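For reference, the structure is listed below as structure tokens.
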Amino acid sequence: MTPHRHDFDPAATGALHGLRVLDLSRLVAGNVLTKVLADHGAEVVKLEPPEGDTLRAWRIKGVSTTWKTLSRNKLSVCLALRDPRAIEVVKRLVRDASMLVESFRPGVLEAMGLAPEVLLAINPRLVIVRISGWGQDGPYRHKPGFGTLVEGYAGFAAVNGFADREPVLPPMYMADGYAGLYGAATAMIALRHAEATGQGQVIDLTLFDPIHVMMEPQHANWQLTRELKPRTGSRSTNAVPRNAYQTKDGGWVCLSASTQGMTEKLLRSIGRTELIDDPRFRTNADRVRHGEELDAIIGAYIAERSLAEALAHFDAAGVTIGPIMDAEMLAEDPYVIEREAVIAVPDEEMPEGWLPMHGMVPRLSATPGILARPAPRLGEHNDAVLGPMLGEDEVARLREAGVLREG
């Protein structure tokens with residue numbers, strides 16, 4: 001199966017039409033944040049340095065896939081931000097902006113002459129989102145803030161993996177993704193306040209806080225038990241059975257029977273009704289204590305069947321089970337295709353001229369989001385954005401002086 005194909009429509013408008021966002025961020029968190037806004041019609045202007053956003057350098061077979069998927073619907077203006085004339089351009093843009101997003105190390109924005117008090121003096125309604133690893137204050141404000149460090153520090157890696165092996169960091173940008181999504185929601189809260197009161201504000205968004213929140217209630221549990229949560233692989237310390245099981249043909253399924261009724265349904269489906277009243281498995285607390293024994297029974301049953309057979313059997317029995325999918329499987333999956341979790345958009349760098357990427361998330365019935373334009377080339381919109389504000393002659397002078405660049 002192939003993803004449904006969608007063309008870009010430069011005339012498309014969304015629910016956030018008229019909202020201008022200046023995006024000085026780099027890497028993932030800021031780009032996730034502004035992608036959410038751009039997908040719903042905000043005019044997101046990426047203010048990039050001559051080397052471009054770091055995501056442009058993340059290439060697979062020469063194609064900047066991360067940039068293309070996280071920066072659709074955005075505009076690019078390329079400025080030599082070390083030049084005072086470029087900073088003056090940013091200040092001019094701030095006058096008509098609703099939001100500014102940045103992800104420099106704390107103190108850098110101030111050193112550039114763009115401290116929040118300067119920006120708010122220019123535009124009192126401005127919402128300023130400051131993304132950093134550890135926050136604008138506190139003892140770690142000057143430490144590097146990559147998501148990997150945060151995923152370790154927030155407690156995630158300590159509980160991820162298997163008890164007899166090393167802690168496992170996520171193989172994707174988890175902390176950055178959480179921060180970007182939290183940031184988008186928080187920015188809209190601040191924007192609502194600005195619209196109601198005329199008062200802008202600064203959002204201190206760390207990579208640490210959102211993933212730390214998702215680890216709750218680790219602090220309450222520690223206070224109650226003084227025991228560290230062990231690494232249990234795919235098993236849960238709260239409910240059993242819940243695990244990943246391998247099928248006869250090498251496939252994998254994930255199964256969760258975290259309610260009493262579902263566990264009983266599962267045991268009946270594998271022909272082991274007597275285990276429902278077995279003292280080892282009678283209650284969830286019993287099953288947690290004897291999880292390995294129950295996993296062995298369920299695992300042995302599944303290991304005798306192919307992936308397709310196991311899924312069909314448990315689906316028919318109403319048991320909560322699903323396949324563990326990889327990218328190859330997802331590319332052909334009817335649910336993913338028909339729900340448009342993945343779509344394809346025109347892209348001359350891709351085989352057959354189409355780039356698969358995520359669809360609109362979340363789905364809104366009245367304002368479903370837009371596909372206005374592909375991720376921009378570096379400096380592609382210098383003239384379109386700056387021309388009406390500065391005039392053609394000034395844009396030409398800035399270009400000749402090397403302040404304004406195109407990639």
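If you're wondering where the values come from, they're calculated on a predicted model, not measured in any experiment.
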Do [X] side-chain atoms and [Y] backbone N/O form a donor-acceptor pair below 3.5 Å?
X	Y	answer
N284	N238	yes
Q218	A154	yes
R242	L255	no
D333	L330	no
S132	G135	yes
D23	N31	no
N73	A372	yes
D249	L307	yes
R272	L267	no
K143	P139	no

Notebook entry, point to check: Which pairs count as ring-ring contact (aromatic ring centres under 6.0 Å, His included) when at least one residue sits in residues 98-145, sequence neighbours excluded?
Noted result: W134-Y140, W134-Y153, Y140-Y153

Item checked: Pairs touching residues 218-267 that satisfy ring-ring contact (aromatic ring centres under 6.0 Å, His included), sequence neighbours left out -> H212-H219

Do the side chains of [X] and [Y] get close enough for a salt bridge, i.e. N-O under 4.0 angstrom?
X	Y	value
D278	R282	no
E88	R85	no
E406	R399	yes
E304	K248	no
D53	R56	no
E51	R82	no
K68	E349	yes

Note to self: Is there a side-chain contact (heavy atoms from CB on, under 4.5 Å) between E43 and V21? Walk through the geometry before answering.
What the structure shows: CA-CA 6 Å; E43 183 189 59; V21 179; over 6 Å; no

Could you check whether any side-chain heavy atom of [X] comes within less than 4.5 Å of a side-chain heavy atom of [Y], counting everything from C-beta outward?
X	Y	value
R231	R165	no
S103	L27	no
L205	P210	yes
R268	I276	yes
E102	L100	yes
M262	T259	yes
Q199	P124	no
I270	F314	yes

Got a sec: does the [atom1] of [X] have more than 12 other heavy atoms crowding it under 6.0 Å?
X	atom1	result
R280	CZ	yes
F8	CZ	yes
E328	CD	no
E352	CD	no
E117	CD	yes

Note to self: Apply salt bridge (Lys or Arg N to Asp or Glu O under 4.0 Å) to residues D96 and R20 and explain how you reach the verdict.
What the structure shows: CA-CA 7 Å; D96 298 319; R20 172 172 278 188; 5.5 Å; no

Note to self: Let's go through M188 and L16 carefully: what are the C-alpha distance in whole Å and the side-chain angles of both, what is the deciding distance for side-chain contact (heavy atoms from CB on, under 4.5 Å) to 0.1 Å, and is it a yes or a no?
What the structure shows: CA-CA 10 Å; M188 295 309 296; L16 299 180; 3.6 Å; yes

Notebook entry, point to check: Which distance, rounded to the nearest 0.5 Å, do you find between the OG1 of T367 and the CG of D39?
Noted result: 12.0 Å

Notebook entry, point to check: Taking it one step at a time, do E48 and L79 satisfy side-chain contact (heavy atoms from CB on, under 4.5 Å)?
Noted result: CA-CA 6 Å; E48 301 184 73; L79 290 166; over 6 Å; no

Notebook entry, point to check: Do S76 and E380 meet the criterion of a side-chain donor-acceptor pair at a distance under 3.5 Å?
Noted result: no

Check: Do R287 and Q260 have side-chain atoms, one donor and one acceptor, less than 3.5 Å apart?
Finding: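 Result is yes, a qualifying pair exists.
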
Note to self: Go through it in stages, so that I can follow the logic: the residues are K46 and S71, the test is side-chain hydrogen bond (donor to acceptor under 3.5 Å, both in side chains), and I'd like the CA-CA distance, side-chain angles, deciding distance and then a yes or no.
What the structure shows: CA-CA 9 Å; K46 290 288 299 182; S71 292; 5.6 Å; no

Next item on the list: Check the pair R373, R72 against side-chain contact (heavy atoms from CB on, under 4.5 Å), reporting the backbone distance first and the verdict last.
Entry: CA-CA 6 Å; R373 59 184 64 85; R72 68 186 183 194; over 6 Å; no

